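Everything on this sheet refers to the single structure shown next.
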2 protein chains.
Amino acid sequence: MDGTGRRATIRDVARLAGVSTATVSQVLNGGRPVAAATRARTLEVIAELGYRPNIFGRGLRTRRSHLVGVVLPDLSNPFYPTLVRGVQDRLGSSGYHAVVCNTDGDPGQERELVAELMDREVDGLVVVHFTLKPKDFSGITGRGVPLVVIGRPRGFDHVYTNDFRASAAMTTYLLEVGYTSVAHIAGPVGIGPAGPRCAGYRAAMRQHGLSSSMAPVVHSDFSMTGGAKALVELLERGIMPRAIFCANDLMALGAIEAAQARGLRVPEDLAVAGFDDIYVASLVRPALTTVGHAAAALGNTAAGLLLDRIGGASGPPFDVEIDFELRKRQSA
Amino acid sequence: MDGTGRRATIRDVARLAGVSTATVSQVLNGGRPVAAATRARTLEVIAELGYRPNIFGRGLRTRRSHLVGVVLPDLSNPFYPTLVRGVQDRLGSSGYHAVVCNTDGDPGQERELVAELMDREVDGLVVVHFTLKPKDFSGITGRGVPLVVIGRPRGFDHVYTNDFRASAAMTTYLLEVGYTSVAHIAGPVGIGPAGPRCAGYRAAMRQHGLSSSMAPVVHSDFSMTGGAKALVELLERGIMPRAIFCANDLMALGAIEAAQARGLRVPEDLAVAGFDDIYVASLVRPALTTVGHAAAALGNTAAGLLLDRIGGASGPPFDVEIDFELRKRQSA
DNA sequence: TTGAAAGCGCTAACAA
DNA sequence: TTGTTAGCGCTTTCAA
C-alpha cells in the first residue's frame with residue numbers, strides 16, 4: 001500500500017512474489033502445504049506491499065463476514081453495556097466483531113434489526129430477550145445462521161437467568177425478613193423478562209398464603225421514570241405496601257426517588273428491591289437490595305456458544321443457566 | 001427465499017421478471033429511468049422471492065460496507081454507552097450500522113482496532129480520544145476513509161468538549177466557593193482528556209495565585225478503583241486538601257468511597273467534584289458536583305459529520321465544540 | 001428504455 | 001508442491 005495508489009490485491013502479491021494467487025491464498029489461510037521458501041518470499045511481499053485481503057472478495061467466496069449481530073433493548077440501561085463487553089471480550093481476537101443494535105423494547109424493531117443484520121450476512125446473532133417465535137424467525141432467516149438468545153428459552157440456543165426462581169427468592173426474602181405486604185412493579189406485559197419475574201413474585205406470594213388480591217402488581221416500563229410512575233400509581237390507588245419488588249434496578253431507583261420525593265423514608269417506611277445489580281446499585285444511598293446475575297457472564301457465555309456453533313457444533317439447543325444471587329443491602 | 005434452497009440472487013429476479021440484471025439493479029438503486037411497468041413487475045418478483053441484495057457482491061463493486069467503526073476506551077464506563085447511542089440514533093435508518101470496539105485506553109489496541117476496522121472496509125470511523133497522530137494514521141489507512149475524532153483536536157475532523165476551559169471553570173468554582181486548597185486526581189499521563197483537564201486545573205490554580213506546589217496532582221486511571229487509590233496516595237503523602245477535582249466521575253465516585261471509608265465526611269471534611277455527569281452522578285448521595293457535557297450530543301454530532309463526509313462533503317476539517325455546564329450538587 | 005458483458009478480489013476445485 | 005481458472009453476486013459501461 002503506497003498511500004496514494006490503489007490498494008494491493010492478491011494478484012499484485014502473486015506477481016511480485018512470482019507465485020500464483022492460489023499460493024498466496026494458501027499462505028494466508030493455510031489448508032494445503034506450501035514450501036518454506038515460497039511461504040517466506042510470499043510473506044515478505046505481503047509485508048512490503050502492506051497487503052490486506054479484501055473482505056468483500058473473501059466474503060463473496062466464503063460467505064463469511066466474521067461479524068456477529070447483537071440485538072438488545074437499550075444500551076442506555078447499564079445492564080447491557082456490561083453484557084456487551086462480555087460478548088466483545090469473548091470474541092476478542094477471534095477475528096469477529098460485533099454490530100450492536102437497540103430495539104427499545106419494540107418487537108417490530110427487533111424483527112427489522114434481525115432482518116437488517118441478516119442482510120449484512122452476519123455469521124451469528126445474539127439477541128437479548130427475544131420476542132420472536134421460532135417460526136417468525138425461520139421466516140426471517142431461511143438459512144442456518146446460528147442464533148443465541150439471552151433470556152427466555154424458546155427453542156433456540158440460549159443462556160439465561162432463571163427469572164422465575166430469582167424473583168420468587170427475592171419475594172420470599174422480603175416476606176421472611178418481616179415485610180408483611182409486598183407489591184410488585186413489573187415490566188411491560190409480554191416484554192423481555194417481565195413475565196417470569198412477575199410470575200415468580202406471584203408464586204412466592206401464594207406460597208405465603210397471600211392471594212392475588214394481596215399481591216398488587218403495576219406494569220410500567222423498564223426505566224427510572226417507569227418506576228417512579230408506577231410507584232405514584234400504586235399510592236394513588238390507595239395501596240401502601242411495606243415493600244416493593246421492582247422488575248429491574250432502574251425501576252427501583254426511580255421508585256426510591258419518587259418515594260423520597262413524597263416524604264417516604266427508604267427502607268423505614270417503604271423497602272425497595274430491584275433486579276440486575278447494575279453497578280450503581282451499590283453506589284446509591286440507601287444501597288439497593290437486588291438480584292445479582294452476572295451481565296458479563298451472560299454475554300461471554302452467549303458469545304462462546306455462538307462461536308461454537310459457527311465453528312460447526314451441532315446437536316440439540318444449548319441451554320445454559322447463569323447463577324443468580326440475592327444482594328442484600330440497605331434498601332430492603 | 002424459500003427457506004430451504006439457496007438464497008435468491010439478482011439473476012433469479014431478472015429471469016423471473018424477464019428483464020436483465022442491470023434493470024433489476026436500476027430498480028433497486030435508481031440512477032437511470034426504468035419504465036413503470038418494468039419496475040412494477042420487477043418489484044413484484046423481488047417481493048415474491050424475498051430477494052435481498054448480497055452485501056459482498058455489492059461491496060465488491062461499490063467498495064461501500066455501510067458500516068462505521070466506533071473505537072472508544074471502554075463501554076463499561078457509563079459515559080460511553082450514552083455516546084454510542086448518540087451515534088446509533090444518528091445513523092438510525094440510514095442503512096449504516098456501527099461496529100463498536102474498546103481500547104481500554106491502550107494506544108496499541110487503538111492502532112490495532114483501527115487497522116482491523118480498515119480491513120473491514122468501514123466507510124468511516126469515529127474514534128474517541130484518539131492517540132494516534134495524523135501521520136501514524138495515514139500510514140494505517142492510505143486511503144480517504146473519513147475519520148471523526150471525539151476529543152482532542154489533532155488535525156482531523158473533530159467534535160469535542162473544551163476540557164481545558166471546563167476544568168478551569170470547575171477549579172475556579174471550587175476556589176471561589178471557599179475551598180482554600182484543591183487537589184487534582186488526573187487521568188493517566190498522555191491518555192485521552194487527562195492532559196487538558198489537568199492543564200485547565202493548573203491554569204485556574206495559578207490564576208488564583210496558587211503555584212504548582214500548592215496544586216497537588218496525582219495520576220491514576222479513569223476508574224473507581226483508580227480514584228480510590230489516588231485518594232489514598234494523596235493522604236499518604238500527607239496532603240489533605242479541602243477539595244478534590246477528579247478528571248472523571250468514576251474516579252470521583254471511587255475517591256468519595258475511599259474517603260468515607262477513612263471516616264471523612266463529604267463534603268464537610270472533603271469536597272469532591274468530577275467530570276462527565278454520568279447519570280449516576282445525580283443518584284449517589286451526596287449527589288456529585290461535576291461537569292456536564294452531553295455524551296449523546298457528542299456521539300450524535302460525530303456521526304452526523306461522518307455521514308456528511310461519507311456523502312462527499314469536502315473542505316477543511318470540521319471543528320465542533322460541544323457546550324459544557326457545571327452541575328453544582330452536594331458533593332462540593 | 002433496456003440488455004450484454006466485464007470485472008471488482010478472493011477461494012477452491014481441478015490439473016499438473 | 002504449485003498453477004490455472006471458474007465463479008461467488010453485484011454494478012456499471014457500452015452498445016443498441
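Atom set for the values below is all heavy atoms of this structure, side chains included, hydrogens, waters and symmetry mates excluded. In what follows, chains carry the letters A, B, and so on, assigned in the order in which the sequence lines appear, proteins first and then strands, with residues in each chain numbered from 1. No experiment lies behind these values; they were computed from the predicted model shown.
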Provide, to the nearest angstrom, the distance between the [atom1] atom belonging to [X] and the [atom2] atom belonging to [N].
X: A:Arg58; N: D:dC8; atom1: CZ; atom2: C1'; value: 15 Å
X: A:Arg61; N: D:dA6; atom1: CZ; atom2: C1'; value: 8 Å
X: B:Arg11; N: D:dG7; atom1: CZ; atom2: P; value: 10 Å
X: A:Asn54; N: D:dC8; atom1: CG; atom2: P; value: 18 Å
X: A:Leu60; N: D:dT11; atom1: CG; atom2: P; value: 12 Å
X: B:Arg64; N: D:dG9; atom1: CZ; atom2: C1'; value: 19 Å
X: B:Phe56; N: D:dC8; atom1: CZ; atom2: P; value: 15 Å

Exercise. Where does the chain A footprint on DNA chain C start and end, counting 5' to 3' with a 4.0 Å heavy-atom cut-off?
Worked result: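 Answer, 5' to 3': C:dG9 to C:dC14.
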For this session: Name all residues meeting the side-chain hydrogen bond (donor to acceptor under 3.5 Å, both in side chains) criterion together with A:His129; count only those two or more places apart in sequence or in a different chain, and write none if there are none.
Result: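 In terms of side-chain hydrogen bond (donor to acceptor under 3.5 Å, both in side chains), with neighbours along the sequence ignored, A:His129 is linked to A:Tyr80.
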Quick check against the 3.5 Å criterion: does [X] have a side-chain atom that pairs as donor or acceptor with the backbone of [Y]?
X: B:Asp106; Y: B:Thr103; result: no
X: A:Asp123; Y: A:Val68; result: no
X: B:Arg120; Y: A:Ser65; result: yes
X: B:Asp308; Y: B:Ala313; result: no

Exercise. Touch check for B:Arg32, heavy atoms < 4.0 angstrom, all strands: base, sugar-phosphate only, or nothing?
Worked result: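 Base contact.
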For this session: State plainly whether the residues B:Asp104 and A:Arg85 are in salt-bridge range, i.e. N to O under 4.0 Å.
Result: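 Salt bridge flag = yes for A:Arg85 with B:Asp104.
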For this session: Check each residue of residues 14-25 of chain A for a non-hydrogen atom within less than 4.0 Å of any atom in DNA chain D, then write out the ones that pass by number, or none.
Result: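 Here the set is A:Gly18, A:Val19, A:Ser20, A:Thr21, A:Ala22, A:Thr23.
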Exercise. Roughly how far, to the nearest 0.5 Å, is the CD atom of A:Gln109 from the OG1 atom of A:Thr131?
Worked result: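 Those atoms lie 11.0 Å apart.
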Problem set entry | Residue whose nearest DNA chain C nucleotide is more 5′ - B:Arg63 or B:Arg39 |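 The answer here is B:Arg39.
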Exercise. Pick one: which of A:Val114, A:Leu117, A:Leu72 meets side-chain contact (heavy atoms from CB on, under 4.5 Å) with A:Cys101?
Worked result: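 For A:Cys101, the side-chain contact (heavy atoms from CB on, under 4.5 Å) check succeeds only for A:Leu117.
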Exercise. At their closest point, which heavy atom of A:Pro81 faces which heavy atom of A:Leu75, and how far apart are they?
Worked result: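 Result for this residue pair: CG-O, 3.3 Å.
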